[in-house]
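No hydrogens, no waters, no symmetry mates; every other heavy atom, side chains included, goes into these values.
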Amino acid sequence: MRNRVRGRGQRRNPLRRRSDVVEAWTALVVAVLLLVGAPLAGAVAGRWAHDDARATAAEQRAERQRVRAEVVGRPADALATVQGGRDDSYRVAVRWTEPGQGTRTATARVPAGTRQGEVVDVWFDARGRGVGPPADGTAVWQHTLTLGVATAGGTAALVLLGHTVVRRVALRRRLDEWGREWARTGPEWSRRSA
């Protein structure tokens with residue numbers, strides 16, 4: 001009855017080869033790495049990416065300034081800035097008034113479809129260059145999930161690649177062992193049938 005339990009009695013099996021044992025242990029290690037290691041690597045990478053993205057977003061919020069400005073240029077004449085495969089914004093001249101400094105004019109990004117004379121929110125960095133808005137919570141989470149999932153997938157692919165290599169090496173050794181044993185046993189079988 002004890003030998004019927006899966007895995008029991010395999011240690012003394014004369015047909016079991018060393019390559020079979022290596023392949024069985026490799027399958028166990030691969031299963032653990034796929035079920036525990038890959039998600040853990042993804043979670044660690046995601047946590048790091050989240051902290052990094054939050055710090056970057058806080059830095060952007062600290063150095064960028066939002067201004068309500070009037071569009072003075074003609075967006076139809078400006079070249080569209082392509083982001084994400086579609087036209088999201090145009091760079092046009094805008095004008096705004098800063099308290100104590102008077103009226104200023106600069107080139108900034110405005111949403112597509114904005115007309116001359118409309119008032120829009122534009123962002124400027126510390127040097128006065130028109131920039132996009134700082135990353136928001138959605139962008140931080142998108143970055144976190146993308147990096148976490150990519151790391152988990154990459155880890156899983158690496159584990160499966162390693163498993164494939166070990167299986168090929170084990171198969172090659174198994175075939176070599178069978179060839180050597182047949183070289184010893186084959187002549188004996190040939191004599192009996194002759």
Side-chain angles (χ1 to χ4, degrees), residues 1-64 80-89 109 125 131-194:
M1 190 62 127
R2 284 187 356 211
N3 285 343
R4 291 185 185 254
V5 176
R6 185 169 174 87
R8 300 283 275 177
Q10 294 294 320
R11 294 183 182 154
R12 292 181 293 261
N13 187 343
L15 298 177
R16 184 203 63 169
R17 300 195 184 333
R18 200 172 101 204
S19 61
D20 297 331
V21 174
V22 168
E23 195 170 350
W25 279 105
T26 301
L28 178 65
V29 169
V30 165
V32 169
L33 287 176
L34 287 177
L35 295 175
V36 177
L40 185 61
V44 169
R47 175 66 183 203
W48 173 81
H50 184 73
D51 292 343
D52 187 51
R54 284 183 58 189
T56 300
E59 185 180 303
Q60 287 177 351
R61 280 191 302 273
E63 76 173 18
R64 295 181 183 184
T81 304
V82 179
Q83 295 177 349
R86 62 185 200 277
D87 294 340
D88 286 330
S89 61
R109 238 186 263 178
D125 64 6
V131 293
D136 60 354
T138 303
V140 168
W141 279 106
Q142 284 175 342
H143 179 70
T144 300
L145 291 174
T146 300
L147 199 62
V149 168
T151 301
T155 302
L158 189 63
V159 166
L160 291 174
L161 178 67
H163 183 239
T164 301
V165 169
V166 168
R167 287 193 64 185
R168 285 184 182 232
V169 169
L171 178 63
R172 184 173 298 153
R173 288 187 185 223
R174 185 179 307 125
L175 290 175
D176 289 344
E177 287 175 8
W178 286 345
R180 283 191 302 271
E181 288 184 19
W182 182 252
R184 279 187 308 198
T185 311
E188 189 175 308
W189 282 53
S190 302
R191 274 187 288 150
R192 287 186 184 170
S193 62

Participant: How close do A53 and H143 get, heavy atom to heavy atom, and via which atoms?
Facilitator: CB-CD2, 3.7 Å
Participant: What's the spacing between R180 CZ and L175 CG if we round to 0.5 Å?
Facilitator: 11.0 Å
Participant: How long is the straight-line distance from CG of L40 back to CG of L35, given to the nearest 0.5 Å?
Facilitator: 12.5 Å
Participant: What pairs meet the side chain to side chain donor-acceptor pair (under 3.5 Å) rule with one or both residues in residues 144-172, with sequence neighbours excluded?
Facilitator: E23-R167, H50-T144
Participant: Which heavy atom in P134 sits nearest to a heavy atom in A57, and how many Å separate them?
Facilitator: CB-O, 4.4 Å
Participant: In Å and rounded to the nearest 0.5 Å, what is the CZ to CZ distance from R61 to R54?
Facilitator: 8.5 Å
Participant: What closest approach, in Å, do V131 and D125 show between heavy atoms, and which atom pair accounts for it?
Facilitator: CG2-N, 3.8 Å
Participant: Hey, is CH2 on W25 packed in by over 12 heavy atoms from elsewhere, all under 6.0 Å?
Facilitator: no
